[in-house]
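Report on the structure given below.
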Amino acid sequence: MSSQASSKAVADSGAVRSPSILPGIGLCLAITIVAMAGQAVEERIFSHPYVEALVLAILLGIAVRTAWSPGARFRTGIAFSAKQLLEVAVTLLGASLSLGAILASGPALIGGIVGTVAIGIAASYGICRVLGLPERMAILVACGNAICGNSAIAAVAPVIGAEPKDIAASIAFTAVLGVLMVLGLPLFVPLAGMSDNQYGVLAGLTVYAVPQVLAATVPVSLLATQVGTLVKLVRVLMLGPVVVAFSLLAPRLPGEGGHPAGAPPRKGGRLAFTKLVPWFILGFLILASLRSLGLIPDGAVRPLTQLAGFLTVLSMAALGLGVDVRVLARVGGRVTLAVTGSLAVLIAISLALIRLLGIA
């Protein structure tokens with residue numbers, strides 16, 4: 001009896017000491033609400049957000065962490081929000097992708113977009129490594145630059161085991177250039193003598209986020225907006241294959257101690273399929289396939305996409321709370337050069353593709 005009582009006491013004690021995820025999630029949720037309110041204010045004043053809620057959340061998280069370091073009772077929930085909730089968000093994004101509209105744009109343009117993404121990732125990665133960025137940060141910047149900015153960074157990060165500081169730095173500096181792209185890209189129309197169709201392709205290939213594509217093309221013309229959105233959709237569709245590819249490469253990435261991060265040391269046997277391709281990538285691909293087959297009704301797509309967006313913003317708040325701004329400042333110059341150089345290369349590749357395909 002005493003042994004049972006002792007065991008029960010230990011179990012009860014462990015249950016009491018077991019940290020709850022609710023305080024940390026609540027803190028992230030509060031930051032998320034403020035960030036989304038900030039985006040709503042931007043939309044009301046400017047008709048579109050120049051700084052999205054996702055970026056505001058990570059900046060607010062960093063600001064909170066700078067002024068106050070969350071105690072132990074918050075850390076479990078913050079970690080849960082940064083990882084598990086982000087993985088759920090990535091899975092839900094698959095429901096918004098359909099292959100039908102993509103195939104209608106023609107094989108030449110599709111092939112060109114795929115090639116642009118592949119070359120963009122390789123070139124950006126090379127630039128980042130030459131500038132001395134850590135390998136995982138180089139991958140994040142490359143994927144964010146070549147595919148869809150913050151969303152790509154957020155999707156690839158858990159696959160390669162990226163550090164919160166690397167994720168935050170990549171998103172922060174990519175976001176700054178994303179805003180500059182929205183403001184400056186329309187200048188290509190008069191300066192380069194581009195047609196609305198050509199400009200739509202350029203915007204779709206280079207601007208990071210879908211809302212930013214709209215912001216960059218709506219002032220030009222309806223045709224530019226339609227073309228830019230379609231090209232951007234094809235570009236976003238590359239996120240699935242790219243994330244799967246990096247999930248296969250992740251075990252080969254060196255960790256800080258010489259071991260692969262996010263994977264156990266190898267013992268000569270084969271890794272299980274679930275170790276190579278995380279569950280949320282499988283979920284992403286399954287939902288994308290169901291959507292393409294018409295098994296996910298149109299009425300369900302918008303709520304799922306909104307939920308994915310909300311969870312992503314919440315995860316970014318958690319990542320911001322885990323960032324030491326002093327570390328961010330130390331890598332700032334190199335990251336800025338890397339993102340700027342990568343973006344310049346992407347624009348050059350996109351202009352070459354427009355000329356090569358004879359897009360008028």
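Small disclaimer: the values here were computed from a predicted structure and weren't measured.
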* To do: Examine distances only and state if a side-chain atom of Arg65 and a backbone atom of Gly320 form a donor-acceptor pair shorter than 3.5 Å.
  => no
* Asked: Residues in side chain to side chain donor-acceptor pair (under 3.5 Å) with Thr225, at least two apart?
  -> Thr217
* Ser221 side chain near Tyr199 side chain, heavy-atom distance below 4.5 Å -> no
* **Exam field: side chain Gln198 to backbone Ile359, donor-acceptor pair closer than 3.5 Å** => yes
* Asked: For Arg291 and Asp298, what are the C-alpha separation, side-chain angles and deciding distance, and is it a side-chain contact (heavy atoms from CB on, under 4.5 Å)?
  -> CA-CA 9 Å; Arg291 170 63 176 158; Asp298 293 340; 2.7 Å; yes
* **Closest approach of Gly299 to Pro303 (non-hydrogen atoms, all atoms of both residues)** => O-CD, 3.2 Å
* Compare every heavy atom of Ser20 with every heavy atom of Thr76, then report the nearest pair and how far apart it is. => CB-O, 4.1 Å
* **Donor-acceptor under 3.5 Å (Arg252 side chain, Leu248 main chain)** => yes
* To do: Working to the nearest 0.5 Å, report the span between OG of Ser81 and CD1 of Ile21.
  => 7.5 Å
* Applying the 4.5 Å side-chain criterion to the ILVMFWY set and letting contacts propagate, would Ile62 and Trp68 be lumped into a single cluster? -> no
* Roughly how far apart are Leu314 CG and Ile25 CD1, rounded to 0.5 Å? -> 7.5 Å
* Would you mind reporting whether Leu92 and Thr305 have side-chain heavy atoms less than 4.5 Å apart? => no
* At their closest point, which heavy atom of Ala95 faces which heavy atom of Ile296, and how far apart are they? -> CB-CD1, 4.0 Å
* Asked: What's the verdict on side-chain contact (heavy atoms from CB on, under 4.5 Å) for Met194 and Ile354, showing C-alpha distance, side-chain angles and the deciding distance?
  -> CA-CA 10 Å; Met194 302 187 77; Ile354 291 171; 3.9 Å; yes
* To do: Using the side-chain contact (heavy atoms from CB on, under 4.5 Å) rule, take Leu249 and Ile139 through it: C-alpha gap first, then chi angles, then the decisive distance, then the call.
  => CA-CA 11 Å; Leu249 293 173; Ile139 292 173; over 6 Å; no
* Asked: Leu356 and Val201: same hydrophobic cluster, using ILVMFWY side-chain contacts below 4.5 Å?
  -> no
* Co-membership, hydrophobic cluster, residues Ile33 and Leu307, 4.5 Å side-chain -> yes
* To do: Please tell me if the side chains of Leu86 and Met316 come closer than 4.5 Å, counting only heavy atoms from C-beta onward.
  => yes
* Looking at side-chain heavy atoms only, is the closest gap between Ile78 and Pro70 below 4.5 Å? -> yes
* Is there a donor-acceptor pair under 3.5 Å between the side chain of Lys232 and the backbone N or O of Tyr208? -> yes
* What about Leu343 and Val141, same hydrophobic cluster or not, with Ile/Leu/Val/Met/Phe/Trp/Tyr joined at side-chain heavy-atom distances under 4.5 Å? -> yes
* Between atom CD1 of Ile347 and atom CG of Leu351, what is the distance when rounded to the nearest 0.5 Å? -> 7.5 Å
* If you link I, L, V, M, F, W and Y whenever their side-chain heavy atoms are under 4.5 Å apart, who else ends up in the same group as Leu187? -> Leu191
* Give every residue pair that meets the salt bridge (charged side-chain N to carboxylate O under 4.0 Å, His left out) criterion with at least one member in residues 239-251, sequence neighbours excluded. => none
* Asked: Minimum heavy-atom separation for Leu353 to Ile113, with atom names?
  -> CD2-N, 4.2 Å
* **Heavy-atom check, side chain of Gln84 versus side chain of Leu311, under 4.5 Å** => no
* Residues in side chain to side chain donor-acceptor pair (under 3.5 Å) contact with Glu42, at least two apart in sequence or another chain -> none
Listed pairs under 3.5 Å, donor-acceptor, residues 124-135 side chains, sequence neighbours left out:
| unit_1 | atom_1 | unit_2 | atom_2 | d |
| --- | --- | --- | --- | --- |
| Ser124 | OG | Gly120 | O | 2.8 |
| Ser124 | OG | Asn145 | ND2 | 2.9 |
| Ser124 | OG | Ser342 | OG | 3.3 |
| Tyr125 | OH | Glu135 | OE2 | 3.0 |
| Arg129 | NH1 | Leu133 | O | 2.8 |

* Asked: Do Met36 and Phe310 touch side chain to side chain, with heavy atoms closer than 4.5 Å?
  -> yes
* Asked: Can you check side-chain contact (heavy atoms from CB on, under 4.5 Å) on Leu205 and Leu346, steps first, answer last?
  -> CA-CA 8 Å; Leu205 287 172; Leu346 182 63; 5.8 Å; no
* Linking I/L/V/M/F/W/Y whenever their side-chain heavy atoms sit closer than 4.5 Å, directly or via other members, would Val189 and Val207 fall into one cluster? -> yes
* Which heavy atom of Ala317 sits nearest a heavy atom of Cys28, and at what distance? -> CB-O, 3.8 Å
* **For the student: nearest non-hydrogen atoms of Gly200 and Val227, plus distance** => C-CG1, 3.8 Å
* **Side-chain heavy-atom pair Cys143, Ile153 within 4.5 angstrom cut-off** => no
* Asked: Got a second to check how far Leu202's CG is from Asn197's CG, nearest 0.5 Å?
  -> 11.5 Å
* To do: Spell out, as yes or no, whether a donor-acceptor pair under 3.5 Å connects the side chain of Arg235 to the backbone of Gly204.
  => yes
* Are side-chain heavy atoms of Thr116 and Ser350 found at a separation under 4.5 Å? -> yes
* To do: Determine yes or no for a side-chain-to-main-chain donor-acceptor pair under 3.5 angstrom, with Ser315 supplying the side chain and Ala82 the backbone.
  => no
* Ignoring hydrogens and angles, tell me if any N or O in the side chain of Thr91 forms a donor-acceptor pair with the backbone of Glu87 under 3.5 Å. => yes
* Where at least one partner belongs to residues 304-314, residue pairs that pass salt bridge (charged side-chain N to carboxylate O under 4.0 Å, His left out), sequence neighbours excluded -> none
* Output the distance between atom CG (Leu85) and atom CG (Leu29), rounded to the nearest 0.5 Å. => 10.5 Å
* How many angstroms lie between CZ in Phe80 and CG in Leu22, if you round to the nearest 0.5 Å? -> 10.0 Å
